[in-house]
Number of protein chains: 2
Amino acid sequence: MLPEDNVLFKNITAEDSKRMINCFNAEIKKFRAGSCITDFSASGDKIGIILDGSAVMVRYDINGVRTIVEKLGEQSIFGEFFTFTGTNRNAVEIVAETDCDIIYFKRQEILKRCEKACKCHSMVVENLLMLMSERSIALSERIEVLSQRTIEEKLISFLQITADNTPSGQTPEIPFSTTVLSDYLCVNRSALQREISRLKKAGILKLNKRKFILHHFDDIGDSTNFTSN
Amino acid sequence: MLPEDNVLFKNITAEDSKRMINCFNAEIKKFRAGSCITDFSASGDKIGIILDGSAVMVRYDINGVRTIVEKLGEQSIFGEFFTFTGTNRNAVEIVAETDCDIIYFKRQEILKRCEKACKCHSMVVENLLMLMSERSIALSERIEVLSQRTIEEKLISFLQITADNTPSGQTPEIPFSTTVLSDYLCVNRSALQREISRLKKAGILKLNKRKFILHHFDDIGDSTNFTSN
DNA sequence: AAAAATCTGTTGCAATTGCAACAAAGGAGA
DNA sequence: TCTCCTTTGTTGCAATTGCAACAGATTTTT
């Protein structure tokens, strides 16, 4: 994706966008799949936006237990400005899933009064506001999932939200492998597998590779019914 | 607190703030302790800020299980703009803990180009950005806690973050009763109580009413040690 | 194409957590 | 002060989840 096409410059002409990228001293960096994009130990207060590729924010606690904090796709933003980077008891990193192009801005550059009083400046700030709003909502969704009490509820909640966020006409898709999904739901992998198998046997979940259909179980009411066999 | 003293008007004179409160058509409402401030079913896209008092964002799922989503103190902001309001499978509400004064803004009023081109406008937007940043970090902290795998880890993580956020010189304090805390950590109350008792017996946690001291257990390394007796 | 590595799916067993029931302590209001 | 109600603290038992080990499937590398 062209740097000037990133979401921060929505509603701004390509010409102005290019000018601002200069004005902001933005940098573009490339990362290979699997490499660490940021480790939040010395990131300063840069704001990153993924132009191409995808990444995940992961945390390793002192026992080496991995948690997938967030999935970052194209146009996702990240930075210390938005993220609790944890105590010294754990390390938060952003790891490239695929090859990635990232554009970095300095937070002060975006926030400071533009000496040239460029009129597009406040549009950028508004765009940033919208991005942060979306991010807040995404974090809220994550909390919704994690606050479910059982693995089955976590899984269904996640699938439901994923399906709701899928454009109509498309088949919803789990953005992770099962192994990674278990680190996202913060549960044991084989216990998660057990629940997936149960839901499949009960006919509630159809799963083909990563594409899935979740049948409405609203009318069932009490999901513990499924656990009977 | 005076309406013009709210965080949205930081770095803006009282005079200008008052003018903008008019310009934005802000409303101030009072709520009694225990009453419902918002139920997110018809809140439109208003942004609320707590001027006085405290509240909690709660969710009830279809089985009536309660989750404390967020604790809101003075100067906290809330609104559909920031929050995943859930599927139709649950109800999210904000409930006043104490008597509350709330100021409401309409999102469009804050975001729209000010016809009078008032110069303070972009400062408000920047302040809003800072507030959202803080909120994102708070949500990240919540995810950090909920992503812990055991009750003991959830509890310690929560206490650690609470202690870290306490100004030095003050004794850290749990902002909830144990019963409510269990709904915040999304675990069973008596199971939580069991863990609290364990940590107290092990000398790691001192708890007096809601004030606590968490002794450094970094040097212990493996917290499962405490479970032995 | 073969070998290596990773991921999926399954299961028995152990550990943790939830549930229910109850006693004791603390607080609010009559 | 007494009563009622909520919260704290405890425990046995049941349900859920984690763990480990393994077989088969799938993907990647050589």
Side-chain angles (χ1 to χ4, degrees), chain A residues 32-34 56 61 63-68 95 97-99 145-156 174-202 205-212 222-229, chain B residues 33-34 61 63-68 97-98 145-156 174-202 205-212 222-229:
Chain A
R32 285 254 166 258
V56 285
D61 73 14
N63 302 316
V65 176
R66 180 179 69 170
T67 301
I68 306 298
V95 176
E97 284 187 321
T98 64
D99 289 359
V145 171
L146 288 180
S147 65
Q148 302 300 317
R149 308 303 163 97
T150 65
I151 293 180
E152 186 193 319
E153 285 170 349
K154 283 187 173 78
L155 174 61
I156 287 178
I174 299 173
F176 305 118
S177 70
T178 309
T179 307
V180 175
L181 180 59
S182 71
D183 287 339
Y184 183 84
L185 300 181
C186 303
V187 299
N188 180 271
R189 183 195 63 87
S190 52
L192 172 62
Q193 189 68 56
R194 189 156 43 202
E195 296 305 321
I196 291 175
S197 303
R198 240 179 234 170
L199 290 176
K200 277 160 96 174
K201 274 186 199 125
L205 175 65
K206 297 215 188 316
L207 188 59
N208 187 329
K209 306 272 178 190
R210 292 184 179 183
K211 295 203 186 288
F212 70 90
D222 185 4
S223 55
T224 53
N225 291 349
F226 312 146
T227 62
S228 52
N229 52 14
Chain B
D61 74 13
N63 302 315
V65 176
R66 181 179 70 169
T67 301
I68 306 298
E97 283 187 322
T98 64
V145 171
L146 288 180
S147 65
Q148 302 299 317
R149 308 304 162 97
T150 65
I151 293 180
E152 187 193 318
E153 285 171 348
K154 284 188 172 78
L155 174 60
I156 287 178
I174 300 174
F176 305 118
S177 70
T178 309
T179 308
V180 175
L181 180 60
S182 71
D183 287 339
Y184 183 83
L185 300 181
C186 303
V187 298
N188 179 272
R189 183 194 63 85
S190 52
L192 173 62
Q193 189 68 56
R194 188 156 43 202
E195 295 306 321
I196 290 175
S197 302
R198 241 179 232 169
L199 290 176
K200 278 160 94 175
K201 273 186 199 128
L205 175 66
K206 299 216 187 318
L207 188 59
N208 186 331
K209 305 272 176 189
R210 291 183 179 184
K211 296 207 185 284
F212 70 90
D222 185 4
S223 55
T224 53
N225 291 349
F226 312 145
T227 63
S228 52
N229 52 13

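By convention in this document, chain letters (A, B, ...) are assigned in the order of the sequence lines, proteins followed by strands, and residues within each chain are numbered from 1.
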What is the distance from [atom1] of [X] to [atom2] of [N], rounded to the nearest Å?
X: B:Asn208; N: D:dT8; atom1: CG; atom2: C1'; answer: 14 Å
X: B:Arg66; N: C:dG18; atom1: CZ; atom2: C1'; answer: 17 Å
X: A:Arg194; N: D:dT17; atom1: CZ; atom2: C1'; answer: 6 Å
X: B:Glu195; N: C:dA15; atom1: CD; atom2: C1'; answer: 12 Å
X: B:Arg198; N: D:dT11; atom1: CZ; atom2: C1'; answer: 12 Å
X: A:Ile151; N: C:dG9; atom1: CD1; atom2: C1'; answer: 15 Å
X: B:Leu199; N: D:dT8; atom1: CG; atom2: C1'; answer: 16 Å
X: A:Arg210; N: D:dT27; atom1: CZ; atom2: P; answer: 10 Å

Identify the heavy atoms of [X] and [Y] that sit nearest to each other, and give their distance.
X: B:Tyr184; Y: B:Leu146; value: O-CD2, 3.9 Å
X: A:Ile174; Y: A:Phe212; value: CG1-CD2, 3.7 Å
X: B:Pro175; Y: B:Arg210; value: O-NH1, 3.7 Å
X: A:Ile151; Y: A:Ala191; value: CD1-CB, 3.6 Å

Any idea which of [options] is nearest the [X] side chain?
X: B:Ala191; options: D:dT17, C:dT8, C:dT17; answer: C:dT17
X: B:Ser190; options: C:dT8, C:dG27, D:dT10; answer: D:dT10
X: A:Thr179; options: C:dA21, C:dC7, C:dT10; answer: C:dC7
X: B:Asn188; options: C:dC19, C:dT16, C:dT10; answer: C:dC19
X: A:Arg189; options: C:dT17, C:dG9, D:dG9; answer: C:dG9
X: B:Ser197; options: D:dT27, C:dG18, D:dG9; answer: D:dG9

(request) Map A:Ile196 and A:Arg149 onto DNA chain C by nearest heavy atom, then report which one ends up closer to the 5' terminus. (result) A:Ile196
(message) Using heavy-atom distances to pick each residue's nearest nucleotide on DNA chain C, tell me which of A:Lys200 and B:Leu192 is more 5'.
(response) A:Lys200
(request) For the residue pair B:Thr67 and A:Arg149, confirm or rule out a side-chain donor-acceptor distance under 3.5 Å. (result) yes
(message) Based on the rotation axes of five pairs at each end, what angle does the helix from C:dA1-D:dT30 to C:dA30-D:dT1 bend through, to 10°?
(response) 60°
(message) Using only atom types and a distance under 3.5 Å, with no angle test, would you say the side chain of A:Asp61 pairs donor to acceptor with the backbone of A:Gly64?
(response) yes
(message) Is it the case that the side chain of B:Lys154 and the backbone of B:Gln148 share a donor-acceptor pair, with hydrogens and angles ignored and the cut-off at 3.5 Å?
(response) yes
(request) Report the residue from B:Arg194, B:Lys200, B:Gln193 that forms a side-chain contact (heavy atoms from CB on, under 4.5 Å) with B:Ser197. (result) B:Gln193
(message) Under 4.0 Å, heavy atoms only, any strand: does B:Lys209 hit a base, just the sugar-phosphate, or nothing?
(response) sugar-phosphate
(message) Quick check on C:dT8: is either OP1 or OP2 less than 4.0 Å from any side-chain nitrogen or oxygen of A:Thr178?
(response) yes
(message) Can you see if the side chain of B:Gln193 gets near the phosphate of D:dT8 - specifically, an N or O under 4.0 Å from OP1 or OP2?
(response) no
